[in-house]
J.: 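Take this structure first; my questions come after.
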Amino acid sequence: SARDFVFEVSHRRRFEDKITRRYFHVEALRKHQKINWHQYLDAGIKNAESHESGPLREYVVKLFERCLVPCALYAEFWERYSAYVESR
């Protein structure tokens, strides 16, 4: 419904607004950026699990792929991605 869509957009925007680096760089990410990515992934996974929807699961995969660009140097994100994909 339209109400669900508006809620979803506003929910995602909280995380999107906190992303300051969307590209790869050898310089370490600031701690708050890593925390934001972890929280964004947590929220996406929780939402996908609660709706049992294929499109939402695909959204989470795309979210991981976006995350892995700026977070490529952090094994914790690769491990989470791998665990998520293997669990599907």
Side-chain angles (χ1 to χ4, degrees):
S1 75
R3 183 179 218 161
D4 292 338
F5 177 76
V6 169
F7 172 78
E8 187 64 30
V9 168
S10 65
H11 179 70
R12 290 179 187 177
R13 185 164 187 121
R14 293 182 333 176
F15 300 106
E16 291 288 339
D17 287 348
K18 294 178 186 175
I19 298 171
T20 58
R21 187 190 303 169
R22 299 175 188 277
Y23 52 89
F24 174 78
H25 197 285
V26 294
E27 183 178 305
L29 274 179
R30 294 200 168 116
K31 186 176 181 178
H32 72 277
Q33 286 288 293
K34 287 175 57 178
I35 291 169
N36 184 59
W37 276 113
H38 276 298
Q39 290 174 342
Y40 198 1
L41 293 168
D42 290 342
I45 291 167
K46 182 179 177 183
N47 192 24
E49 288 174 350
S50 68
H51 287 89
E52 297 292 324
S53 169
L56 284 176
R57 288 190 201 115
E58 288 303 314
Y59 169 75
V60 173
V61 170
K62 298 294 183 201
L63 183 59
F64 267 110
E65 291 171 353
R66 285 185 53 220
C67 168
L68 289 172
V69 174
C71 301
L73 298 177
Y74 301 97
E76 64 205 71
F77 291 101
W78 289 99
E79 291 165 0
R80 282 191 75 177
Y81 177 59
S82 176
Y84 182 76
V85 170
E86 287 177 4
S87 72
R88 294 175 20 150

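One-based numbering along the sequence shown. Model, not experiment: these values are computed from the prediction.
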J.: Provide the full list of side-chain hydrogen bond (donor to acceptor under 3.5 Å, both in side chains) pairs with a residue in residues 25-36, sequence neighbours left out, each pair given once.
T.: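 side-chain hydrogen bond (donor to acceptor under 3.5 Å, both in side chains) check on residues 25-36 returns Thr20-Gln33.
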
J.: Kindly write out the residues that satisfy ring pair (Phe, Tyr, Trp, His ring centres under 6.0 Å) with Tyr84, not counting sequence neighbours, or none if the list is empty.
T.: Phe64

J.: If you measure from SG on Cys71 to OH on Tyr81, what distance do you get to the nearest 0.5 Å?
T.: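 If we round to the nearest 0.5 Å, Cys71:SG and Tyr81:OH are 14.0 Å apart.
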
J.: So how far is it from Phe15 CZ to Trp37 CH2, rounded to the nearest 0.5 Å?
T.: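 If we round to the nearest 0.5 Å, Phe15:CZ and Trp37:CH2 are 11.0 Å apart.
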
J.: Testing Val69, Leu63, Val61, Leu68 one by one against Glu65 for a side chain to side chain contact (heavy atoms under 4.5 Å, CB included), which residue passes?
T.: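 Result: among Val69, Leu63, Val61, Leu68, Val61 is the only option passing the side chain to side chain contact (heavy atoms under 4.5 Å, CB included) with Glu65.
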
J.: Going through the checks in order, is the side-chain contact (heavy atoms from CB on, under 4.5 Å) test met by Arg66 and Ile19?
T.: CA-CA 11 Å; Arg66 285 185 53 220; Ile19 298 171; 3.9 Å; yes

J.: According to a hydrophobic-cluster definition based on side-chain heavy atoms being under 4.5 Å apart (Ile, Leu, Val, Met, Phe, Trp, Tyr only), do Ile35 and Leu29 belong together?
T.: no

J.: Show the nearest heavy-atom pair for residues Tyr74 and Trp78, with the distance to one decimal.
T.: O-CD1, 3.4 Å

J.: Identify all side-chain donor-acceptor contacts of residues 38-45 below 3.5 Å with residues at least two apart in sequence or on another chain.
T.:
from, atom 1, to, atom 2, distance (Å)
His38, ND1, Arg80, NH1, 2.9
His38, NE2, Glu76, OE2, 2.7
Tyr40, OH, Glu16, OE2, 2.6
Tyr40, OH, Tyr59, OH, 3.0
Asp42, OD1, Arg80, NH1, 3.3
Asp42, OD1, Arg80, NH2, 2.6

J.: Within a reach of under 6.0 Å around CZ of Arg88, are more than 12 heavy atoms found that belong to other residues, nucleotides or ligands?
T.: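 Buried by this count: over 12 neighbours within 6.0 Å.
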
